[in-house]
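These numbers come from a predicted model, not from an experiment.
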Amino acid sequence: MDRKTVLRKLGRYNLTGFQRKVLIATFSIPKGQTRSYKQVAAMAGYPNAARAVGSVMKMNPLAPTIPCHRVIKSSGETGNYSGKGGKQGKVLMLKKEHAI
DNA sequence: CAACACAAAGTAG
DNA sequence: CTACTTTGTGTTG
């Protein structure tokens, strides 16, 4: 799985530029590491769109492909998580990947 | 086009 | 530490 593959998948959806950038930025998070919503937003080119990043994660069209569970709050907390298991499952997954 | 929603961040107390 | 304000983009009507 590489960036081009993800871009190709994203191309199948009617996504806005913001969503694509955010998803790619999230996908670019190295395994075993975490990034804050703000960091992802900044990486995507929108340094003040941390909340919007949350909106994108919520709709994440490539949920299994995009490691949205590696995106946490700047405080080091996990924040909320709309996926199965809620933030508890998120933390568990992060622990499995040694991200925490 | 306007109003509402969002898994945050920042600032003030 | 808690509470309030600010902020940017997506979605829906």
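- Between the OH atom of A:Tyr37 and the C1' atom of C:dT7 there is a distance of 17 Å, given to the nearest Å.
- Nucleic acid contact class of A:Thr16 (heavy atoms, under 4.0 Å, all strands): sugar-phosphate only.
- Checking A:Val71 against A:Lys38, the closest nucleotide of DNA chain B that is more toward the 5' end is the one next to A:Val71.
- A distance of 5.0 Å separates CG in A:Leu62 from CG in A:Leu10, rounded to the nearest 0.5 Å.
- Applying the side-chain hydrogen bond (donor to acceptor under 3.5 Å, both in side chains) test to every pair with at least one member in residues 4-31 of chain A, sequence neighbours left out, gives these pairs: A:Asp2-A:Thr5.
- In this structure, A:Arg35 places its CZ atom 23 Å from P of B:dA7, rounding to the nearest Å.
- Of all the residues in residues 40-49 of chain A, A:Tyr46, A:Asn48, A:Ala49 reach under 4.0 Å from DNA chain C with at least one non-hydrogen atom.
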> For DNA chain C, what is the dot-bracket line, given that a base pair needs Watson-Crick (N1 to N3, plus N6-O4 or O6-N4) or G-U wobble (N1-O2 and O6-N3) geometry with both distances under 3.5 Å, and | means paired with another strand?
Replying inline: ||||||.||||||

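- Rounding to whole angstrom units, CG of residue A:Leu15 and P of C:dT9 are separated by 16 Å.
- The CG atom of A:Asn14 sits 12 Å away from the P atom of C:dG10 (whole-angstrom rounding).
- A distance of 12.0 Å separates OG of A:Ser82 from NZ of A:Lys87, quoted to the nearest 0.5 Å.
- The main-chain N or O of A:Val71 is found under 3.5 Å from a side-chain atom of A:Lys90 such that the two form a donor-acceptor pair.
- Listed candidates were B:dA7, B:dA8, C:dG10. Nearest to the side chain of A:Asn80 is B:dA7.
- Residue pairs meeting the side-chain hydrogen bond (donor to acceptor under 3.5 Å, both in side chains) criterion with at least one partner in residues 40-68 of chain A, sequence neighbours excluded, do not occur; the list is empty.
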> What does nucleotides 1-6 of chain C look like as a protein-contact string, B for base, S for sugar-phosphate only, - for none, at under 4.0 angstrom between heavy atoms?
Replying inline: ------

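- The nearest pair of heavy atoms linking A:Tyr37 to A:Asn80 is OH-O, 4.0 Å.
- Under a 4.5 Å side-chain heavy-atom criterion applied to ILVMFWY residues, the cluster that includes A:Met59 comprises that residue alone.
- To the nearest 0.5 angstrom, A:Met1 atom CE is 6.0 Å from A:Phe27 atom CZ.
- To the nearest 0.5 angstrom, A:Arg35 atom CZ is 10.5 Å from A:Ile72 atom CD1.
- Looking at heavy-atom distances under 4.0 Å, A:Ser74 makes contact with sugar-phosphate atoms alone, never a base.
- Residue contacts shown for A:Lys90 include a base, since a base heavy atom lies under 4.0 Å away.
- Position along DNA chain B of the nearest nucleotide to A:Ile72 versus A:Ala52 favours A:Ala52 as the more 5'-ward residue.
- Pairing each heavy atom of A:Ala50 with each of A:Ala41, the nearest pair is N-CB, 3.8 Å.
- Under a 3.5 Å cut-off, the side chain of A:Arg70 and the backbone N or O of A:Ile29 do form a donor-acceptor pair.
- Using a 4.0 Å heavy-atom criterion, one finds that A:Ala50 contacts the sugar-phosphate atoms exclusively.
- Distance CZ (A:Phe18) to P (C:dT11): 10 Å, rounded to an integer number of Å.
- Distance A:Tyr13 OH to C:dT11 C1': 18 Å, rounded to the nearest Å.
- The NZ-P distance, from A:Lys58 to B:dA5, rounds to 10 Å in whole Å.
- Across every non-hydrogen atom of A:Ala44 and A:Ala25, the tightest pair is N-CB, 4.2 Å.
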